Every structure is written in C-alpha cells, then in structure tokens.
Participant: 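The structure follows.
Since this is a predicted model, take the numbers as computed values, not measurements. Note: hydrogens, waters and symmetry copies are ignored here, and every other heavy atom, side chains too, is used.
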Amino acid sequence: MRSSQFFLPTLKETPAEAQIASHRLMLRAGMIRQTSAGIYAWLPLGWKVLRKISQIVREEQDAAGAQELLMPTIQSAELWRQSGRYDDYGKEMLRITDRHDRELLYGPTNEEMITDIFKTFVRSYKDLPKNLYHIQWKFRDEIRPRFGVMRGREFLMKDNYSFDLDAEGAKLSYRKMFLAYLRTFARMGLKAIPMRADTGPIGGDLSHEFIILAETGESGVFCHKDWLDLDVLQNPPEAGSDLKDFFAKYTSIYAATDEKHDPATCEVPEDQLVSARGIEVGHIFYFGTKYSKPMGAVVAGPDGEPVAVEMGSYGIGVSRLMGAIIESSHDENGIIWPESVAPFHVGLINLKADDAACASLCEDLYAKLNAAGVETLYDDRNERPGAKFADMDLIGLPWQLTVGPRGLKAGVVELKRRATGEKRELSVEAALAELIKA
RNA sequence: CGGGGCGUAGCGCAGUCUGGUAGCGCGACGGUUUUGGGAACCGUAGGCCCCCGGUUCGAAUCCGGGCGCCCCGACCA
C-alpha cells in the first residue's frame, strides 16, 4: 500500500475525549472513529489489525477442534424467554421492536441461540462432542462506556459453545479451550494469566478469567512470579493428552484479582508475589445443563434414555484485545505492534519523494517486498522527513526501512526496529534479506 | 443510576463572569523558499457559536427546557 493512496487520517493532536494510551493512539493513528458513546467505525488501519487478531483467534479455535459458523446480531425475545434470561438480563440488553411490534434484541451473547440450533439438529450421543464458535458483533448497553474500544457498547467477540454427553467430557472441552486461550494470547505477544472467576449472569460452577498485565488495567491483580516465566508456546502439552496434568499445573500457580486476593491468607511469599494491573480479555465457563434443560437440548444416550447435554461457553473480546495489546505495547511516540498482528510488516520511507534516485530505489524495494509477500506500507508522499518518521512511529509497524539521498550516496539504507529503536545502516541487499527472512 | 465537567472552523482551545455583529494554534488549499525526526514566509477557504424557546434595540454571552459527549463511582468480553 502506498501512503499517497491509503486512507490513513493521522492526527498530530490528541482528541480531548481520550484518556488512556490505547484510545489516544488509536484515534491519532487513524484506526477508529467514534460515532456514538461506545460505538466506533473501524477505519482501514484499525480494521486491518482487527482482522489479524480475529484470524489468530480463528486459527486457535480451529486447532482446538471448534467449528466456525455465524449467527445473527438480532435475536428474538422469545428465545430468551425460554431460558428465563429475557427478564434477568436487565437494561444492558438492547431491546428493539420491529414494524409488527415483535420483540427483538441485539444479542449480548448467544447461549440461547446456539442451544436452539443445536437441539434442532443433534439427537444422538454419537454426534457428541461438538464445539461451535462465531466471531460476531455484540451489543451491551453499558451504563458508562469508556476507554475507547476497551469498553465499548458494540464490540466484536469470539464466543463458542461446547456440547458434551457428560461432565467428564465437558471438562475436557473446558481444558482444551483453556489451552487454546493461552496459546491465542501468547501468539499476540501477551502474557495472559487465567484466574478463578465468578460466573456472573452466565452461571455455572467452573470459570476462569484471562487477564493480561498492563499498567492501565482496570483491576488490580496478584500472581506468583513463576507466571512470568511460563511460555505455553515453548512448552506445549503432549499432543492428544487429556490435558489434566497441564491444567493442574497452570491452575496450581497462584493468581487472583484484587476482589479475590486476601493478603492474610495468600501463601505466596512476599518476595515472590507480583502485584500488577490487569485487563480481562477472555472468560470461560462450564455451566452444565443450565441452558440445555430449560431449552430441551437433549440427546439419546447409549441406553436410549434422554440426556440433557453438558455445556460450556467461552468468550474472547476481540475488539478489546486491540486496546489491550496497545496498552501493553507502546511508547511516547506511538504504538509498537507485535509482529503477529501488525497491520503491515514494514514501513518503507522515501525521504525525498521527488528525487529520482530515491524514488527508483524505493519502487524497486517496494516491488521486491511485495513479491516476497512482505506486507509493506510505502510512504511515497511529498512530506517532510520529520512528518514521515513521526507517522511511522505512531502507527507502530515492526520495521522501518528508510531511503534518503544521504545514505544513497554511501550505498546504504537505514533499517530501524520499532520496538527497540535500534537503527542499522545496511546495503540494500542486506536490508532486503533481513526483512524477507524475518 | 448518583456526583462532576464540557459542547465555538476538520482537530486542540480562547471569548461567556461584565450582551455590541467571532478569534488563536494546528490542519486543509494556492504560491515561494526549503528538505535526515511533525519547516518558514505570503495568500485563500472554512462557523445554524449543540438544539428549541424566552428576555433585549441587540444574545456565543443572560434565563428556561431539551439533546449529545467526557470524567469519578456501582456493572461487564
């Protein structure tokens, strides 16, 4: 993509409404535009990142055996009356009537709908287990939306639902998701720590919140420092195992949100206890037959007797994750994207757009990077160097490749790593080789 | 929903107390000189001063009502 063509409305000044870093930076980097309280339009750069985050979530869901589908945003009130939640959910649920005065709602979650779909088609224990997910916009009419996309009213969420014949199977499904979640967040460069959680309005008896550590997190969290060294990607559990040992290991290390943390009873020695701030990015629940019983999600068991299926549900705040990633990875100049979710891999900066030699080298580099599948944003605008550097730092691409007349005379280009600020002068060939391998 | 604040050019703000026909910086557009970390100068365009009503010769400014947005608290992916 060429900057001269790209719709990337960056701002030099910070809009007044933004309080926290991720919100400020997303506005300044031209990623989002607020259209109402807690509701945002996603501009090209923001949308590109949102798709990358979604894709990682999708890949890990697929790898864990879940299957993607897509349910609508609008649901009928009738469905929610079956589970009893239409009256329980309160004002957070946006209720709508259509032209025939039928009662509808904009879905805050999909337990009822998926259960309804499941029960329509699945009749036998032989069809179990099943795990279905979608990535869809949700609406919760928060009393006070804030912090940009971190707590919007409309937000993109991955939610999935597991169906098993018995509690043992349901707990295995739960452990598989537990692992998938750890892997998902780790792939985005986040340290996510699962913490025992209340089950809230979804209900159930086993639940974990996944909290990532960030200075501007909404809640205080405490954990054993051993968490900081755990790397699930480097030490995966044995393939095909029942994950019991893995789950036991991860749930035995101390971690608690401040509501649950009691310094009086916490057994972790003080010098090993980490106190930090955290952002909730995922939440998983095992709730048994809470929905399957009232809604009649029943299969025939091996003995022919009807069995209400055991269910769990699992959520990841996809749009919130973008804010969370920025909270945990930025500096005073802008965003620092982890490679896995960066909107482009390389920012190619032509310092003097009207210089024939610079332009011709840049065109050549741009073509070669594209040919090698390296996503590149080529700043070919006729702007001053300072403005280009500032924009590139702001939008936080992992690599900046700078071509200018001064370096060109010496036969070098400059390669800068955004995360560290490290700059190296390299030959054109060496710089290309570096970017294509990385 | 309780408490606080704001609404004036695309963005950030002054002007409101003390009523007199709207301004600054950034941005945009044109030009000249510039060009390795958000340039300088000259010029131009851009405003239902959130909305409705009232007071007044006259309202961005005073009064009444409404709407929107932000912040602090209780709730959530």
Participant: Taking atom C1' in both B:G30 and B:U18, compute the distance separating them and give it to the nearest angstrom.
Facilitator: 42 Å

Participant: Just checking A:Gly323: base, sugar-phosphate only, or nothing, at a heavy-atom cut-off of under 4.0 Å?
Facilitator: nothing

Participant: Between B:A74, B:C26, B:A77, which nucleotide has the shortest distance from any of its atoms to the side chain of A:Ile143?
Facilitator: B:A74

Participant: For residues A:His261 and A:Tyr254, establish whether the separation of their ring centroids is below 6.0 Å.
Facilitator: yes

Participant: Side chain of A:Ala16 only, heavy atoms from C-beta on: which candidate in B:G12, B:C75, B:C1 is closest?
Facilitator: B:G12

Participant: Is A:Glu17 touching bases, backbone alone, or none of the nucleic acid, heavy atoms closer than 4.0 Å?
Facilitator: sugar-phosphate

Participant: Sticking with atom P, work out how far B:U21 lies from B:U61, rounded to a whole angstrom.
Facilitator: 14 Å

Participant: For B:G10, give its Watson-Crick or G-U wobble partner with both distances under 3.5 Å, or none.
Facilitator: B:C26

Participant: Can you check whether A:Arg144 has a side-chain N or O nearer than 4.0 Å to OP1 or OP2 of B:C75?
Facilitator: no

Participant: Measuring centre to centre across the rings, with the benzene-like ring taken for any Trp, is A:His208 within less than 6.0 Å of A:Phe210?
Facilitator: no

Participant: What about A:Tyr174 and A:Tyr286, are their ring centers closer than 6.0 Å?
Facilitator: no

Participant: Using a heavy-atom cut-off of under 4.0 Å over every strand shown, decide if A:Glu142 touches base, sugar-phosphate, or nothing.
Facilitator: base

Participant: Any idea which of B:A77, B:C75, B:C70 is nearest the A:Gln34 side chain?
Facilitator: B:C70

Participant: Base of B:G27, side chain of A:Glu13 - is there a donor-acceptor contact under 3.5 Å?
Facilitator: no

Participant: Could you check whether A:Arg424 pairs with A:Glu434 (Lys NZ or Arg NE/NH1/NH2 to Asp/Glu carboxylate O, under 4.0 Å)?
Facilitator: yes

Participant: Rounding to the closest angstrom, what is the interatomic distance between B:G15 and B:C67 at atom C1'?
Facilitator: 24 Å

Participant: Considering only the C1' atoms, how many Å lie between B:C69 and B:G25, rounded to the nearest integer?
Facilitator: 23 Å

Participant: Strictly below 4.0 Å, N to O, side chains only: are A:Arg81 and A:Glu112 in salt-bridge contact?
Facilitator: no

Participant: Verify the contact: side-chain N or O of A:Arg146 to OP1 or OP2 of B:C70, cut-off strictly under 4.0 Å; return yes or no.
Facilitator: no

Participant: Strictly under 4.0 angstrom, non-hydrogen atoms only: write out the protein contact profile of nucleotides 29-42 of chain B, one letter per nucleotide from the 5' end, B, S or -.
Facilitator: -----BBBBBB---

Participant: Provide the distance between the two P atoms, one in B:C72 and one in B:G66, to the nearest whole Å.
Facilitator: 26 Å

Participant: Write down the distance separating the P atoms in B:G54 and B:G43, rounded off to the nearest Å.
Facilitator: 44 Å

Participant: Of all the nucleotides listed (B:C76, B:G12, B:C1), which has the minimum atom distance to the side chain of A:Arg151?
Facilitator: B:C76

Participant: Taking A:Phe344 as the fixed residue, which of A:Tyr378, A:Phe6, A:Tyr366 is the one that meets the ring pair (Phe, Tyr, Trp, His ring centres under 6.0 Å) rule?
Facilitator: A:Phe6

Participant: Answer with yes or no after comparing the ring centroid distance for A:Tyr89 and A:Trp80 against a 6.0 Å cut-off, counting only values under it.
Facilitator: yes

